[in-house]
Amino acid sequence: MYRGRLAPSPTGLLHLGHARTFWTAQRRAEAAGGTLILRNDDLDRARCRSEFVTAMVEDLRWFGFEWSEGPDVGGSFAPYDQSMRQESYVDAFERLRASGHIFPCTCSRHDVQRALGAPHTADDEPLYPGTCRHVSADRPRAGLNWRFRVPDGETLGFEDRRQGEQRAIAGADFGDFLVWRKDDLPSYQLACVADDAAMRISEVVRGADLITSTFRQLLLYRALDLPGPAFFHCPLVTDAQGRRLAKREDAVSLRTLRASGKSPEEIRNAWG
Ligand code: GLU
Ligand code: ZN
C-alpha cells in the first residue's frame with residue numbers, strides 16, 4: 001500500500017519550489033491509489049511560527065492539495081506535528097545509544113569548520129573531523145549535541161526512483177552527523193526517520209538537495225533496524241537565472257501569486 005507525505009516546515013510561506021515538489025508527491029500517491037499525509041515539521045521552535053502553520057494548510061488547500069491524514073484532520077498515526085512527537089524521538093535516541101551508534105560532541109560549529117581546513121560535503125555540511133568520536137555515551141541526553149558515527153569508507157547505495165542509482169562513501173561524502181541537539185530536540189535526520197517509519201511511509205518524494213541526507217537516513221534505518229521507504233528525489237526548482245528557489249529569501253510565495261490573481265491551474269500549466 002502506497003503511503004506518501006508532504007512535510008513542510010512552517011518557518012515561512014510556501015513557495016513555488018514547495019508546490020512543485022509536493023505536486024509530484026500528490027500525483028504519485030494518486031497514481032498508486034495510495035494515501036497522502038501532511039506532516040507539520042515544526043521541530044525548530046525558534047524558527048517555526050503558528051501563523052505559518054495556518055498559512056501552510058490554507059495555501060496547500062488553495063493550490064489543490066488533498067491529504068487524508070494530517071494535523072488538521074487527524075488519522076491513525078497522530079499526532080502529525082513533530083513538536084508533539086518528542087517521546088518517539090527520545091525512544092529512537094535511546095536505541096541508538098544502547099546500540100553504540102552515537103556519541104556526545106562538544107565541538108562548536110566553528111571548531112568543526114576550522115579543523116582540517118574544513119572540507120565540505122556534497123550538501124555543504126562541514127565534514128566532522130572525529131574529535132569526540134570516542135567520548136563515552138554515558139552522559140545526560142540534554143545539554144549536548146550527539147552525533148551518529150558513520151562507517152568510514154563504506155560505499156552506500158540506493159536506487160532513486162527519479163534519479164536512478166545513487167552512491168556515496170560514508171566518512172568522505174558526509175561525516176558523523178547530528179542526531180540530537182543540545183536544546184534536547186532531535187535533528188532533522190532523526191525526526192524524519194522516526195516519523196517516516198512510524199507513519200509507514202512507503203515512498204519519500206522530496207527535492208534532490210536532500211540526497212546526501214537520504215544516505216544519512218539510510219544509516220539510521222539500518223541502525224534502528226527499521227525498514228526504509230523508497231525515494232523519489234525531484235529535480236531542484238530554479239529561477240530564470242538558474243538560482244535555486246529554496247535558497248532565495250524572496251522566492252515567490254503561493255500567497256503572493258494568489259493575491260496577484262494567478263490560479264493554481266495557470267501555475268501548473270507553466271510547469272508543462
Ligand atoms: N521539513 C523538511 C523540509 O522542509 C522535510 C524534508 C523531507 O521531505 O524530508 O526540508
Ligand atoms: Zn565534537
Side-chain angles (χ1 to χ4, degrees), residues 3-15 17-22 24-26 28-29 36-44 47-48 52-53 56 60 70-71 80-83 85 102-116 123 125-137 139 144-150 160 162 175-182 185-197 199 201 203-218 220-221 228-234 236-237 244-247 251:
R3 287 177 58 84
R5 56 25 167 220
L6 312 177
S9 295
T11 55
L13 293 170
L14 294 178
H15 57 66
H18 298 111
R20 187 153 189 182
T21 302
F22 290 168
T24 302
Q26 172 154 303
R28 289 186 62 77
L36 187 66
I37 76 168
L38 174 64
R39 188 174 75 219
N40 174 23
D41 279 7
D42 61 348
L43 263 187
D44 195 335
R47 292 174 60 227
C48 293
F52 289 137
V53 180
M56 161 180 116
L60 289 172
Y80 293 90
D81 306 87
Q82 290 196 322
S83 58
R85 302 181 61 83
I102 57 176
F103 61 91
C105 169
T106 49
C107 301
S108 66
R109 206 181 157 78
H110 182 73
D111 294 337
V112 174
Q113 233 135 25
R114 202 178 35 197
L116 309 173
D123 56 358
E125 267 295 304
L127 200 60
Y128 184 67
T131 321
C132 310
R133 260 193 163 187
H134 301 291
V135 173
S136 159
R139 299 278 295 275
L144 290 163
N145 287 315
W146 292 77
R147 291 179 184 273
F148 185 94
R149 190 183 300 104
V150 305
D160 188 83
R162 173 68 174 75
D176 296 350
F177 58 89
L178 204 65
V179 291
W180 203 267
R181 313 177 347 177
K182 62 172 168 220
L185 289 171
S187 69
Y188 153 68
Q189 312 293 352
L190 184 61
C192 184
V193 165
D195 288 348
D196 285 336
M199 295 173 184
I201 299 303
E203 182 181 86
V204 167
V205 177
R206 60 185 172 198
D209 54 326
L210 288 169
I211 289 180
T212 305
S213 281
T214 297
F215 288 108
R216 298 182 178 103
Q217 293 174 18
L218 287 170
L220 287 176
Y221 283 107
F231 294 93
F232 184 104
H233 287 93
C234 301
L236 295 179
V237 183
R244 271 184 54 193
L245 227 48
K247 291 273 186 201

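Quick note: residue numbers are just sequence positions, from 1. Computed from heavy atoms alone, side chains included, the values below leave out hydrogens, waters and symmetry copies. Every number for a ligand or one of its atoms is a count from 1 in the order of the listing.
- Inter-residue side-chain proximity for Arg216 and Phe148 is flagged as unmet; no heavy-atom pair is nearer than 4.5 Å.
- Just one residue in the list Asp42, Asn40, Asp41 forms a side-chain hydrogen bond (donor to acceptor under 3.5 Å, both in side chains) with Ser83, and that residue is Asp42.
- A heavy-atom distance below 4.5 Å is found between the side chains of Pro71 and Leu38.
- Separating the CD atom in Glu125 from the CG atom in Asp176 is a distance of 12.0 Å, to the nearest 0.5 Å.
- To the nearest 0.5 Å, atoms CZ (Phe231) and OG1 (Thr214) are separated by 5.0 Å.
- Counting heavy-atom neighbours within 6.0 Å of Arg133 CZ, excluding the residue itself, gives a total above 12.
- Ordered by chain and number, Cys105 SG, Cys107 SG, Tyr128 OH, Cys132 SG make up the set of protein N, O or S atoms under 2.8 Å of the Zn ion (ligand 2).
- The CZ atom of Arg5 sits 4.0 Å away from the CG atom of Asp196 when rounded to the nearest 0.5 Å.
- Within the model, atoms CZ of Arg147 and CD of Gln189 stand 11.5 Å from one another, a figure rounded to the nearest 0.5 Å.
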| message | One pair to check against side-chain contact (heavy atoms from CB on, under 4.5 Å): Leu220 and Val179. What are the steps and the verdict? | response | CA-CA 9 Å; Leu220 287 176; Val179 291; 4.0 Å; yes
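- Contact shell of ligand 1 (protein heavy atoms, cutoff 4.0 Å): Arg5, Ala7, Ser9, Asp41, Tyr188, Cys192, Arg206, Leu210.
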